[in-house]
2 protein chains.
Amino acid sequence: MNAQGQPAGDTAPVRVLLADDEHLIRGALAALLSFEEDLRVVAEAASGPEALAMARAHRPHVAVLDLEMPGADGVTVATSLRSELPDCRTMIVTGHGRPGHLKRALSAGVRGFVPKTVSAQRLAEIIRTVHAGGRYVDPELAADAISAGDSPLTARETQLLELAANGAPIAEIAERAALSPGTVRNYLSSAAAKLSAENRHAAVRIARSQGWL
Amino acid sequence: MNAQGQPAGDTAPVRVLLADDEHLIRGALAALLSFEEDLRVVAEAASGPEALAMARAHRPHVAVLDLEMPGADGVTVATSLRSELPDCRTMIVTGHGRPGHLKRALSAGVRGFVPKTVSAQRLAEIIRTVHAGGRYVDPELAADAISAGDSPLTARETQLLELAANGAPIAEIAERAALSPGTVRNYLSSAAAKLSAENRHAAVRIARSQGWL
DNA sequence: CAGTGCTGATGACATTTGTCATCGGAGTAA
DNA sequence: TTACTCCGATGACAAATGTCATCAGCACTG
């Protein structure tokens, strides 16, 4: 009856991988989790690729991944882990959770999605839940994701919005996408209309805020 | 001879205020710092205003402030603290440190400026340094700040860039600033020219990246 | 097969935006 | 005083952008 996993005693501890580019957070987290007798941090990583390498080397039961990391973001790492180490459960921890990120994460097989506003105790519980095969999604983020719905944008619209994200003029976007300038304007106009934005720049902002970028 | 402050033993501990909106980090940090015998976390806050209130109530020696917080950012809090509690030293911890932020912080009387990539040990040392009256600035950020130079923008240019930051059309910016649309275009054009940007949206990006926004 | 939606393009047109010259007033430093 | 910069505005013009209609190929689906 250790399903929800209060400290166990005799059973083997849960092997945990921590990946976060902020050393301060990662170290502090590792220290806190070390107090939980049934959890053991077996590896730490500061970037996406490093997280993958560490996971291959140390075979954790649960990988706790920051969403924003250099190299590859948490969801990308989770996707790779899913195919490489199917037994490794994954969960995402993030500062600003956007609805779209949650959707992407869930379809990547991520079993936990929590904001950094939770306490360490709570995180430890969630790690146990995930390890036991359960799922946990922050209620507030879940509500946002449900009410937000899916992205109304097509693939090209999304791609062109990304290229427009840095404020580049149409000509440059067209060149980088190998498309006609007129075509680019059409797609961006369409995207802005779908998002009820006044122009493509506002559209970029809106798409970003929804995690559709 | 306790200047750099190795654990002291008999002298009174340094009273520390921790302010960070991410509960996970704040709690973990508090736990880690509690191992340092000469440091004592006497208050925690999750927002700018709360940090101010806590500081008034608990009179910390050193306030460790996150740069990005709801309500009021770390530099704003530091400015208020400087006038309200001149004896309270302040330091800023941040995820992404932009050159302009560092400059603003230093002119607000902040004595420490560190990225979240430092270790907890390092942070503890820096807290001691700051408490002893010293200063500490992350070398990399300092180099960036020096090479970046000051903002070339005038007050109005900066203000209008801020209003333009969400992608709003000129008309809306003009209305919100109570200025003529033509005037707005002139200022934004001037700002874009100073930043070598192709248009105002790219200018916003550049100004943001320098912390001039 | 017909219908639908995404893609990619073109042309036309109106609007927005960027750029420049110019003006006047206020404040400030030499 | 003079010179300088910033502020705020106007007018004119060119360039970029947004919008719309229209076309064609392709893939998919009922």
Side-chain angles (χ1 to χ4, degrees), chain A residues 100 103-104 107 148-213, chain B residues 100 103-104 107 148-213:
Chain A
K103 297 212 169 192
R104 272 204 308 143
S107 55
D150 284 326
S151 169
L153 305 175
T154 68
R156 274 299 166 294
E157 285 164 357
T158 305
Q159 180 211 348
L160 292 182
L161 264 194
E162 279 172 18
L163 289 176
N166 60 345
I170 295 274
E172 187 182 321
I173 300 173
E175 193 187 2
R176 297 222 280 166
L179 287 178
S180 149
T183 303
V184 171
R185 279 193 290 164
N186 286 339
Y187 280 129
L188 290 178
S189 175
S190 164
K194 285 178 179 177
L195 302 179
S196 308
E198 311 234 24
N199 54 49
R200 62 202 160 94
H201 307 287
V204 166
R205 267 186 54 79
I206 294 172
R208 273 243 171 83
S209 74
Q210 300 289 337
W212 294 337
L213 157 164
Chain B
K103 297 212 169 189
R104 272 204 308 143
S107 55
D150 283 325
S151 168
L153 305 174
T154 68
R156 275 300 167 292
E157 285 164 356
T158 305
Q159 180 211 348
L160 292 183
L161 264 194
E162 280 172 16
L163 290 176
N166 59 345
I170 296 275
E172 187 182 320
I173 300 173
E175 193 186 3
R176 296 223 280 168
L179 287 178
S180 150
T183 303
V184 171
R185 279 193 289 164
N186 286 339
Y187 280 130
L188 290 177
S189 174
S190 164
K194 285 178 179 176
L195 301 179
S196 308
E198 310 235 23
N199 54 48
R200 63 205 160 95
H201 307 286
V204 166
R205 267 187 54 80
I206 294 172
R208 272 244 172 83
S209 75
Q210 299 289 339
W212 294 337
L213 154 163

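Values below: all heavy atoms of this structure, side chains included; hydrogens, waters and symmetry mates excluded. None of the values given here were measured: they were computed from a predicted structure. Numbered from 1 within each chain, the chains take letters A, B, ... in sequence-line order.
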Could you state the atom-to-atom distance from [atom1] of [X] to [atom2] of [N] in whole Å?
| X | N | atom1 | atom2 | value |
| --- | --- | --- | --- | --- |
| A/I170 | C/dG18 | CD1 | P | 13 Å |
| B/L160 | D/dC6 | CG | C1' | 13 Å |
| B/L153 | D/dT5 | CG | P | 16 Å |

Below 4.0 angstrom, which residues in residues 171-195 of chain A have at least one non-hydrogen atom near DNA chain D?
A/R185, A/N186, A/S189

Spatial distance of atom CD (A/Q210) from atom CG (A/D150) [nearest 0.5 Å]
11.0 Å

Search all heavy atoms of [X] against all heavy atoms of [Y] and return the closest pair with its distance.
| X | Y | answer |
| --- | --- | --- |
| B/N199 | A/G167 | ND2-O, 3.0 Å |
| B/I206 | B/A197 | CD1-CB, 3.9 Å |
| A/S180 | A/A174 | C-CB, 4.2 Å |

Within residues 196-213 of chain A, those residues having any heavy atom closer than 4.0 Å to DNA chain C are none

Non-hydrogen side-chain atoms of [X] and [Y] separated by less than 4.5 Å:
| X | Y | result |
| --- | --- | --- |
| B/E172 | A/E198 | yes |
| A/L195 | A/L161 | yes |
| A/L160 | A/R200 | no |

Go nucleotide by nucleotide along DNA chain D from the 5' end; which of B/Q159 and A/G167 gets its closest nucleotide reached first?
B/Q159

Ignoring hydrogens and angles, tell me if any N or O in the side chain of A/S190 forms a donor-acceptor pair with the backbone of A/N186 under 3.5 Å.
no

